Asks: 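Quick one: this structure, given as structure tokens, is what I'll be asking you about.
Whatever order the structure lists them in is the order used to number ligands and atoms, beginning at 1. Start at 1 with the first residue, then count along the sequence. None of the values given here were measured: they were computed from a predicted structure.
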Amino acid sequence: MPKAAPPRTTGLPPARLLTSLAPLLHEWLPRQRWFAGKGRPVTDFVLLTATELLPGFLHLLVRTEHSPAPTPAETASAPADCYQLLIGVRDQLPPRLAPALIGHANQGPLAGRTVYDALHDPQSAALLLERLRTPGTVGPLSFEHDPQVTVPPGLAPRLLGVEQSNTSLVYGDTFILKVFRRVQPGVNPDLELPWALTRQGCERVPAPAAWFHTSEPEAATLGVLQPFLRGADDGWTLALASLAEGRPFTDESYELGRATAEVHLALADAFAPVTLGPAQTELIAAAMTERLDATAQAVPSLGPYVPRLRAAFEAVGALTSAGTAQRVHGDLHLGQALRPADGSWSVIDFEGEPARPLAERRRPQPPVRDVAGMLRSFDYAARTARPPNPSWAEECRAAYCAGYAARSGSDPRESPELLRAYETDKAVYEVLYEARHRPDWLPVPMAAIRRLAGA
Ligand SMILES: Nc1ncnc2c1ncn2[C@@H]1O[C@H](COP(=O)(O)OP(=O)(O)O)[C@@H](O)[C@H]1O
Ligand SMILES: O=P(O)(O)O[C@H]1O[C@H](CO)[C@@H](O[C@H]2O[C@H](CO)[C@@H](O)[C@H](O)[C@H]2O)[C@H](O)[C@H]1O
């Protein structure tokens, strides 16, 4: 390992820095797509770490406090809201950086200066890549890389302009850096699983090339650099094109089923699976029921369907065995599958459902959970088509499960109780996700809820 660089902090007491930043963050943070506290007004900010990467380029970890304050039970089960911010400070913002504006500070040590999201700034983005190329530490931050991968210097950065849960930068169309926005203590599965899969020789994932993490206030992964699959289309785009052109998507779905099975087989080799007996099936059912009840509290239109949805979970609770549980992707959908024009499917974004606590996301789960996620995605695509095309989704389901069975030797349709329960659980998750992030999309999972409830 090269020698660690001397720690460089802002030299400003964190409380003083917040005097400048808090009024700006109050306005800006809740407007970000990746802000997870929607519907819970922010009452306060706590600066957890502040590290100067260069003068005028700060790395911050900020905790938000919300009203109403969480109950002790919620505090125990839900992660605190901690966000990673890369902040630029300038006297004046050049017009090209206008979309990055966070605000003009008018109090505290930054009074009179302009604060902006430094990930929009090519100079700051280039510096971040340079840090990843040359491992070392800066204050609590550590930068590491796979010594077998060469990342060339000077790759031009561009911010990926897609709606996402985090923020990604593409460098020279060669590498992509995902900067996690909501940070939880522990290793992020989006580094852990692709790393393990690569070590297993599984070629379905872009292999992590470099990553960075913090040691304070607790150890946590902050970002991962991986090869950029240039020219690849994601499964969602391809599915919508197939619907628009009236083409079937069955060959692609079959291959996607095979790809999912390959990832599951490699994950089962890397992390020992566990057997699911009656005690575990009861726990699975209880957790699903709890999520359903909590979601119905937050989204009242779900209420009338709750009793009939519960039945799907009770059926799982009554099973005396349910095969095995293992590490899984955890948030598999069409947007997480990428395919170059002449290549085969790759799977990305192993972070799991970002709203769930990291410890829960890293727990072994029945692999059918990922299958259910993809089946929900076929339903989403079919329902957003004009007119909706449910038979397209049915054909994709059958082909995907057949592809999965052909590669893994295990057909998800032979576990109907588990499959139905996981589809229901996913639809419930989607109801909450859409209510919080994309209210216009809420009718899509609500239609599935009505179908699953037999209404
Ligand atoms: N290795 C990659 N190669 C090409 N594009 C990628 C790669 N990884 C991610 N992307 C693109 O970036 C988008 C967001 O990535 P994702 O990991 O899903 O982020 P998030 O968790 O923030 O939603 C994807 O939908 C995809 O279009
Ligand atoms: O940001 P992530 O990709 O990690 O996942 C979150 O956002 C997804 C939407 O971008 C959301 O997926 C839902 O909408 C998709 C269509 O946009 C659909 O294909 C998925 O099946 C549906 O779940 C995902 O749930 C959420 O975690």
Side-chain angles (χ1 to χ4, degrees), residues 32-36 84 119 158-182 188-191 193-194 198 204-209 221 223-240 243 249 256 329-340 343 345-356 361 369-385 393 396-397 400 422-423 425-438 440-449:
Q32 305 313 302
R33 155 83 195 260
W34 39 264
F35 176 68
Q84 175 174 209
L119 291 177
R158 72 178 161 90
L159 198 63
L160 196 72
V162 299
E163 290 269 289
Q164 53 174 140
S165 303
N166 301 286
T167 301
S168 296
L169 286 157
V170 178
Y171 289 95
D173 273 359
T174 316
F175 288 93
I176 180 167
L177 171 66
K178 187 196 295 200
V179 176
F180 297 117
R181 287 301 197 164
R182 194 164 178 225
N188 192 297
D190 207 13
L191 170 61
L193 298 191
T198 305
R204 295 293 191 169
V205 290
T221 313
V224 182
L225 183 80
Q226 55 171 244
F228 182 69
L229 305 174
R230 197 180 337 185
D233 287 308
D234 68 76
W236 178 253
T237 306
L238 293 171
L240 292 193
L243 279 157
F249 197 61
L256 201 46
H329 181 282
D331 191 16
L332 195 60
H333 58 78
L334 281 163
Q336 318 282 38
L338 300 180
R339 206 194 59 180
W345 289 109
S346 286
V347 180
I348 58 162
D349 194 6
F350 284 75
E351 207 190 346
E353 289 171 0
R356 294 199 177 162
R361 293 192 243 150
R369 174 167 172 185
D370 283 345
V371 171
M374 193 57 84
L375 300 186
R376 289 287 315 115
S377 212
F378 294 134
D379 180 63
Y380 251 73
R383 273 186 202 280
T384 48
C396 293
R397 283 175 77 93
Y400 178 77
Y422 274 103
E423 277 188 80
D425 188 48
K426 185 75 190 182
V428 168
Y429 165 83
E430 289 164 347
V431 165
L432 189 62
Y433 180 85
E434 303 299 4
R436 284 194 176 150
H437 295 273
R438 305 185 297 190
D440 291 354
W441 288 64
L442 187 55
V444 177
M446 280 309 292
I449 290 289

Asks: So which heavy atom in the protein is nearest atom 5 (O) of ligand 2, and how far is it from that ligand atom?
Replies: Asp331 OD2, 3.2 Å
Asks: For atom 1 (N) of ligand 1, which protein heavy atom lies nearest, and how many Å away is it?
Replies: Gln226 OE1, 2.7 Å
Asks: Compare every heavy atom of His333 with every heavy atom of Ser377, then report the nearest pair and how far apart it is.
Replies: OG-CB, 3.4 Å
Asks: Would you sort out whether Leu169 and Thr167 count as a side chain to side chain contact (heavy atoms under 4.5 Å, CB included), showing the intermediate values?
Replies: CA-CA 7 Å; Leu169 286 157; Thr167 301; 5.6 Å; no
Asks: Measure across Arg369 and Gly330 and return the closest heavy-atom pair with its distance rounded to 0.1 Å.
Replies: NH2-O, 3.1 Å
Asks: Check step by step if side chain to side chain contact (heavy atoms under 4.5 Å, CB included) holds for Glu351 and Asn166.
Replies: CA-CA 10 Å; Glu351 207 190 346; Asn166 301 286; 2.9 Å; yes
Asks: Counting only heavy atoms, tell me which of Asp349, Asp190, Leu338 gets closest to atom 7 (C) of ligand 1.
Replies: Leu338
Asks: What protein heavy atom sits nearest atom 19 (O) of ligand 1, and how far away is it?
Replies: Gln164 NE2, 3.1 Å
Asks: Examine distances only and state if a side-chain atom of Asp234 and a backbone atom of Leu338 form a donor-acceptor pair shorter than 3.5 Å.
Replies: no
Asks: Would you say Asp234 has any N or O atom under 3.5 Å from an N or O of ligand 1, going by distance alone?
Replies: no
Asks: Evaluate Leu229 for polar contact with ligand 1, using N/O atom pairs at a separation under 3.5 Å.
Replies: yes
Asks: Determine whether the side chain, the backbone, both or neither of Arg230 has a heavy atom under 4.0 Å from any heavy atom of ligand 1.
Replies: neither
Asks: Is a salt bridge present between Asp349 and Lys178, judged by a nitrogen-to-oxygen distance below 4.0 Å?
Replies: yes
Asks: Distance under 4.0 Å to a non-hydrogen atom of Ser165: what atoms of ligand 2 satisfy this?
Replies: 1 (O), 2 (P), 4 (O)
Asks: Could you tell me if any non-hydrogen atom of Ala232 lies under 4.0 Å from any atom of ligand 1?
Replies: no
Asks: Looking at every non-hydrogen atom in both residues, tell me the closest pair between Pro445 and Glu430 and how far apart they are.
Replies: CB-CB, 3.7 Å
Asks: In Å and rounded to the nearest 0.5 Å, what is the CG to CG distance from Leu160 to Leu177?
Replies: 11.0 Å
Asks: If hydrogens are left out, which of Tyr433, Trp441, Tyr429 has an atom nearest to atom 25 (O) of ligand 2, that is, the closest non-hydrogen atom?
Replies: Tyr429
Asks: What are the two closest non-hydrogen atoms of Leu256 and Ala337, and how far apart are they?
Replies: CD1-CB, 3.6 Å
Asks: Taking all non-hydrogen atoms of both residues into account, name the closest pair between Pro443 and Asp440 and its distance.
Replies: CD-O, 3.3 Å
Asks: Please could you name the atoms of ligand 1 that Phe228 approaches to less than 4.0 Å, counting only its heavy atoms?
Replies: 3 (N), 4 (C), 5 (N)
Asks: Please compare His333, Gln336, Met374 and report which has the shortest non-hydrogen distance to atom 20 (C) of ligand 2.
Replies: His333
Asks: Run the numbers for me: atoms of ligand 1, each under 4.0 Å from some heavy atom of Gln336, listed by number.
Replies: 18 (O)
Asks: For Arg158, is there an ion pair with Asp173 - N to carboxylate O distance below 4.0 angstrom?
Replies: yes
Asks: Will you find, in the side chains of Arg181 and Ser165, an N or O donor that is under 3.5 Å from an N or O acceptor?
Replies: no
Asks: Is there a side chain to side chain contact (heavy atoms under 4.5 Å, CB included) between His329 and Val347 once you walk through the steps?
Replies: CA-CA 9 Å; His329 181 282; Val347 180; 3.6 Å; yes
Asks: Between Asn166 and ligand 1, does any nitrogen or oxygen pair lie at a separation below 3.5 Å?
Replies: yes
Asks: When you look for heavy atoms under 4.0 Å from ligand 2, do you find them on the side chain of Glu353, its backbone, both, or neither?
Replies: neither
Asks: Got the closest protein heavy atom to atom 25 (O) of ligand 1, with its distance?
Replies: Gly335 O, 3.9 Å
Asks: Could you name the option among Pro354, Ala427, Gly335, Ser377 that has the heavy atom nearest to atom 21 (O) of ligand 2?
Replies: Ser377
Asks: Does Ile176, backbone or side chain, put an N or O under 3.5 Å from an N or O of ligand 1?
Replies: no
Asks: As an exercise, state the distance from CZ of Phe180 to CG of Leu191, rounded to the nearest 0.5 Å.
Replies: 7.0 Å
Asks: At a 4.0 Å threshold, what atoms of ligand 2 neighbour a non-hydrogen atom of Asp349?
Replies: 2 (P), 3 (O), 4 (O)
Asks: Please could you name the atoms of ligand 1 that Pro227 approaches to less than 4.0 Å, counting only its heavy atoms?
Replies: 1 (N), 2 (C)
Asks: Note the single closest protein heavy atom to atom 11 (C) of ligand 1, along with its residue, its atom name and the distance in Å.
Replies: Leu160 CD2, 3.8 Å
Asks: For the 3.5 Å polar cut-off, considering only N or O atoms, please tell me whether Trp236 and ligand 2 meet it.
Replies: no
Asks: Name the closest protein heavy atom to atom 9 (C) of ligand 1, giving the residue it belongs to and the distance to 0.1 Å.
Replies: Ile348 CD1, 3.4 Å
Asks: Is it the case that the side chain of Asp190 and the backbone of Phe350 share a donor-acceptor pair, with hydrogens and angles ignored and the cut-off at 3.5 Å?
Replies: yes
Asks: Under 4.0 Å from a heavy atom of Glu351: which atoms of ligand 1 are those, numbered in the order shown and with their elements?
Replies: 21 (O)
Asks: Indicate, as side chain, backbone, both or neither, the part of Arg438 found under 4.0 angstrom from ligand 2 when only non-hydrogen atoms are considered.
Replies: side chain
Asks: Name the one of Arg356, Lys426, Arg361 that satisfies side chain to side chain donor-acceptor pair (under 3.5 Å) with Asp331?
Replies: Lys426
Asks: May I ask which of His437, Lys426, Arg33 has a heavy atom nearer to atom 10 (O) of ligand 2 than the others do?
Replies: Arg33
Asks: Can you name the atoms of ligand 2, numbered from 1 with element, that are less than 4.0 Å from a heavy atom of Glu430?
Replies: 21 (O), 22 (C), 23 (O)
